[in-house]
Amino acid sequence: MADKTVDRGPWTGCAVMFLQSLCPSVNLLSLYKDKQGKFIVFKVIKLTLIDSAGGLGGYEILKVHDADPFLGVEVKFVDVAACQQFLESYSSGAVRQSLSQHACRLLALPQEITVETQLKASTHILDLCLDKLDLCLQHIHLSQPERLRDEEIDHLEQQLTSQALGPAALSTPLTQEESPVPSNCFKFQNRVFEDRMLTAADVQSFSNGVGRQWKHVGRALGKSCRALKGPAIDNLAYEYEREGLYEQAYQLLSRFIQAEGRAAKLSRLVKALEDCKLTSLAENILDVQPRE
């Protein structure tokens with residue numbers, strides 16, 4: 001991976017994130033080298049990228065390699081918005097927090113671990129210029145990948161997909177009426193999506209698209225969220241009336257996330273949008289094309 005002159009065309013770039021657990025009993029590099037631990041560590045990394053880059057699209061993991069004492073994760077970005085979202089999450093500490101939370105859950109640890117990270121694009125250490133987002137994006141854009149995705153990563157991605165869809169996906173086509181939806185997934189328009197916590201990108205897409213319907217969505221969410229019950233919706237409308245519809249919608253979903261924590265899942269927002277007949281907005285947030 002090296003700096004190159006990039007021709008005009010689709011935005012792409014490459015960065016390597018180095019990870020190290022500061023907990024003596026948890027060695028991410030050693031775990032990844034272990035046959036059983038490899039998939040768990042990969043899933044931790046994948047879920048962290050989903051959280052921090054705003055979903056499943058816009059990037060791909062090319063390789064996970066030994067950078068003793070670190071574990072190196074080479075990521076190719078194919079969408080500048082996803083890359084920017086990731087950089088903002090990384091700069092705020094959200095990436096480290098997500099790594100720690102997912103590692104704690106998937107490795108069945110008694111408490112969350114502290115993860116040390118470093119982010120590089122070619123020879124540039126991006127941790128030193130995180131306050132200059134455009135410069136970081138430029139370094140990543142100029143750092144083009146020199147390899148295709150590793151075969152090992154292909155296998156791990158397939159394993160992750162199989163786990164998400166359940167055993168039925170291995171033998172027969174997935175039919176929603178016949179196959180139960182896995183506990184970590186949800187169904188929307190007879191399609192199965194992996195569930196996850198809401199991200200900043202989700203909040204932005206919702207706020208941009210919901211318009212005057214934000215109150216209706218808020219009341220739908222309020223059926224299962226105590227913080228949005230009673231006069232909460234009207235109070236938000238009054239408090240942020242001068243700022244306009246975008247800010248009112250933004251504050252609504254932010255209040256939901258703050259109150260619900262890890263339970264503020266994508267599936268709950270999509271269900272509320274369905275209840276309010278806002279399926280096109282749900283499709284936009286899920287980044288799927290509406291069926292004919």
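The model shown is predicted, which means the values in this text are computed figures rather than measured ones.
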May I have the step-by-step check of side-chain contact (heavy atoms from CB on, under 4.5 Å) for Phe256 and Leu198, ending in yes or no?
CA-CA 10 Å; Phe256 174 70; Leu198 289 169; 3.9 Å; yes

Run the numbers on Ile45 and Leu71 for side-chain contact (heavy atoms from CB on, under 4.5 Å), then give the verdict.
CA-CA 11 Å; Ile45 295 168; Leu71 184 67; 4.2 Å; yes

CZ/Arg255: more than 12 non-hydrogen atoms of other groups inside 6.0 Å:
no

When rounded to the nearest 0.5 Å, the distance separating CZ of Phe42 from CD1 of Ile61 is 4.0 Å

Donor + acceptor pair across side chains of Ser267, Asp195 (<3.5 Å):
yes

Between Glu283 and Gln189, is there a side-chain donor-acceptor contact under 3.5 Å, judged purely by atom types and distance?
yes

Let me confirm one number: the CD-OG distance from Glu88 to Ser52, rounded to the nearest 0.5 Å.
11.5 Å

Do we see a donor-acceptor contact under 3.5 Å between the side chains of Asp66 and Tyr32?
no

When hydrophobic residues are tied together by side-chain contacts of less than 4.5 Å, even through go-betweens, does Tyr246 share a cluster with Leu236?
yes

Taking the side chain as every heavy atom from C-beta outward, state whether Glu60 and Glu157 have any pair of such atoms under 4.5 Å apart.
no

Is there a path from Tyr250 to Ile233 through hydrophobic residues (I, L, V, M, F, W, Y) whose side chains come within less than 4.5 Å of each other?
yes

From Ser100 OG over to Gln111 CD, what is the distance, rounded to the nearest 0.5 angstrom?
9.0 Å

So do Asn208 and Asn284 actually touch side chain to side chain, heavy atoms under 4.5 Å?
no

Applying the 4.5 Å side-chain criterion to the ILVMFWY set and letting contacts propagate, would Phe70 and Leu62 be lumped into a single cluster?
no

Is atom NZ of Lys271 surrounded by more than 12 heavy atoms (other residues, nucleotides or ligands) closer than 6.0 Å?
no

Lys229 (side chain) donor-acceptor with Lys223 (main chain) under 3.5 angstrom:
yes

Does one hydrophobic cluster hold both Ile140 and Leu130, with members joined at side-chain heavy-atom distances below 4.5 Å?
yes

Below 4.0 angstrom, N of the basic side chain to O of the carboxylate: do Asp51 and Arg196 qualify?
no

Would Ser98 and Met197 count as a side-chain contact (heavy atoms from CB on, under 4.5 Å) if you check the C-alpha gap in whole Å, the side-chain angles of each, and the deciding distance to 0.1 Å?
CA-CA 10 Å; Ser98 186; Met197 292 173 61; over 6 Å; no

Please determine whether a side-chain nitrogen of the Lys or Arg among Asp202 and Lys265 lies less than 4.0 Å from a carboxylate oxygen of the Asp or Glu.
no

Interatomic spacing from CD in Gln101 to CD in Glu112 - rounded to 0.5 Å:
5.0 Å

As a quick check of understanding, evaluate side-chain contact (heavy atoms from CB on, under 4.5 Å) for Leu106 and Leu47, giving each step before the final call.
CA-CA 11 Å; Leu106 295 175; Leu47 290 174; 4.0 Å; yes

Hey, quick one: are Phe18 and Leu128 part of the same hydrophobic cluster, counting side-chain heavy atoms closer than 4.5 Å, chains of contacts allowed?
no

Flag the pair Tyr59 / Phe86 as yes when their ring centroid distance falls below 6.0 Å, and as no otherwise.
no

Pairwise distance CG(Leu99) to OG1(Thr114) - rounded to 0.5 angstrom:
11.5 Å

